[in-house]
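For ligands, and for the atoms within them, numbers begin at 1 and follow the listed sequence. Scope of the values below: all heavy atoms of this structure, side chains included, with no hydrogens, waters or symmetry mates.
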Amino acid sequence: MLAEATAIEVTPQTSGFGAEVRGLDLSRPLPPEILDQVKAAWARHAVLAFPDQPLTLEQLEAFTLQIGPFGKDPFIKPMPGHPNVLELRREPDEKATNFGAGWHSDWSFQPQPPAATLLRSEVVPPVGGDTLFCDCTRACEALSPTMQAMLAPLRAVHSAGRAYGTKGVFARETEKRTMQIIVSEEADETLAHPLVRTHPVTGRKSLFVSPVYTVGIEGLTPKESQAVLGFLFAHMVQDEFVYRHRWRPAMLLMWDNRCTMHLAEGGYDGHLRVMHRTTVAGDTPV
Ligand code: SIN
């Protein structure tokens with residue numbers, strides 16, 4: 001049965017991007033005109049929060065498929081019986097750094113990185129556990145025209161190696177981790193994308209680099225790459241471009257990896273945090 005065609009209520013966050021969406025029951029298929037409104041709000045605000053969505057895993061999968069086909073999630077063992085759902089779980093006694101603790105755009109090292117990530121809160125800790133988002137579009141637009149022109153032809157090199165590679169953070173980890181990470185030589189491969197990409201829906205330009213997955217810039221020496229990327233990372237994570245998402249239980253968040261990067265903040269040692277995550281396939285960045 002289709003969900004009732006109520007109007008969607010979109011309340012922009014005060015941070016300058018992101019919005020909260022009410023008036024929907026995502027446990028049932030959305031009527032096409034409502035789905036179009038959701039997609040339009042997503043393109044406009046980049047990070048949509050849907051409070052009060054007590055979804056089963058099957059309902060999360062079904063809503064994801066209304067947005068688009070599943071993306072490919074490498075290097076992490078999915079949930080049993082749900083090959084497209086990751087459980088981001090950290091037990092109260094875990095001391096290892098929380099998953100997603102560095103700024104990144106999901107799987108940006110893939111030839112076609114996911115357009116969307118959907119993350120639903122199952123268990124929210126009483127302290128900490130926020131997710132921070134950077135608006136890579138406004139960060140790009142705030143650069144001088146001269147800097148924008150300098151960056152426009154550049155291609156940034158991405159790799160999963162620092163995280164999932166044979167010498168990466170997870171390979172060297174000794175602390176207990178509940179999530180099953182698959183360290184792999186494949187993670188050490190590199191791939192270049194435009195450093196500034198154009199959003200296929202809005203046509204706006206965004207910086208498409210992140211400290212976790214961007215390892216260089218084609219044609220520049222390592223020192224030159226480091227200088228340019230270091231400047232960009234510091235520029236992007238200024239308060240004016242960042243939205244801090246505070247979770248409540250049963251909240252679904254859907255973000256656009258094409259024009260944002262994010263970081264899971266941690267700060268909840270001694271408490272359980274459980275989230276369920278899917279991705280939606282994307283295009284080759286241009
Ligand atoms: C991630 O997907 O990078 C983790 C986000 C989070 O757990 O808040």
Side-chain angles (χ1 to χ4, degrees), residues 13 15 18 20 46-51 53 60 64 67 70-79 82 84-92 94 96-110 113-136 158 160 162-164 168-170 173 177-182 187 208-214 233 236-237 242-269 271-282:
Q13 308 286 3
S15 58
E20 189 162 289
V47 183
L48 295 185
F50 302 87
Q53 300 293 339
L60 172 62
T64 304
I67 303 300
F70 288 124
K72 286 193 176 48
D73 290 319
F75 311 130
I76 302 167
K77 201 162 170 212
M79 293 189 77
H82 297 276
N84 295 295
V85 183
L86 302 182
E87 182 166 79
L88 312 191
R89 185 182 192 95
R90 192 168 185 272
E91 296 286 342
E94 280 188 52
T97 306
N98 60 285
F99 179 76
W103 283 106
H104 64 284
S105 171
D106 286 330
W107 311 145
S108 68
F109 49 83
Q110 293 182 332
T117 300
L118 289 86
L119 187 64
R120 206 193 78 93
S121 49
E122 275 300 311
V123 180
V124 175
V127 290
D130 294 351
T131 310
L132 274 56
F133 290 88
C134 160
D135 183 344
C136 302
H158 297 246
R162 283 181 187 151
Y164 303 98
V169 171
F170 292 116
E173 187 165 82
R177 183 179 292 280
T178 308
M179 287 175 63
Q180 292 183 42
I181 309 287
I182 304 156
F208 191 56
V209 287
S210 73
V212 172
Y213 293 137
T214 309
F233 297 152
M236 293 161 86
V237 302
V242 172
Y243 160 60
R244 171 179 290 275
H245 180 73
R246 296 195 165 87
W247 291 93
R248 297 192 294 278
M251 199 171 215
L252 179 72
L253 206 61
M254 176 166 92
W255 65 79
D256 193 330
N257 287 302
R258 299 166 294 192
C259 57
T260 66
M261 61 174 184
H262 60 278
L263 166 151
E265 193 174 57
Y268 54 94
D269 280 5
H271 302 282
L272 178 66
R273 184 177 188 264
V274 184
M275 319 289 275
H276 290 145
R277 192 181 110 153
T278 56
T279 52
V280 173

- Considering distance alone, does some N or O of Thr131 sit under 3.5 Å from an N or O of ligand 1? yes
- Do Leu86 and Met275 touch side chain to side chain, with heavy atoms closer than 4.5 Å? no
- Would you name the heavy atoms of Trp107 and Lys72 that are closest together and state the gap between them? CD1-O, 3.6 Å
- Note on the structure: The salt bridge (charged side-chain N to carboxylate O under 4.0 Å, His left out) partners of Asp130 (sequence neighbours excluded) come to Arg244, Arg246
- Query: Considering only the protein, which heavy-atom contact is closest to atom 4 (C) of ligand 1, and what is its distance?
  - Reply: Leu88 CD1, 3.7 Å
- For ligand 1, is there an N or O atom under 3.5 Å from any N or O atom of Arg273? yes
- Check each atom of ligand 1 against the heavy atoms of Leu119 and keep those under 4.0 Å away; list them by number with element. 5 (C), 6 (C), 8 (O)
- Considering only heavy atoms of His262, which atoms of ligand 1 have at least one such atom less than 4.0 Å away? 1 (C), 2 (O), 3 (O)
- Query: Partners of Thr178 by side chain to side chain contact (heavy atoms under 4.5 Å, CB included), sequence neighbours excluded?
  - Reply: Arg89, Glu91, Glu94, Lys176
- Does an N or O anywhere in Trp255 fall below 3.5 Å from an N or O of ligand 1? no
- Task: Specify the protein heavy atom at minimum distance from atom 2 (O) of ligand 1: its residue, its atom name, and the distance to 0.1 Å.
- Result: Arg277 NH1, 2.6 Å
- Query: Do the rings of Tyr164 and Phe75 sit parallel, tilted or perpendicular, given the 30° and 60° boundaries?
  - Reply: parallel
- Query: Are side-chain heavy atoms of Val209 and Phe233 found at a separation under 4.5 Å?
  - Reply: yes
- Query: Do any nitrogen or oxygen atoms of His104 lie less than 3.5 angstrom from nitrogen or oxygen atoms of ligand 1?
  - Reply: yes
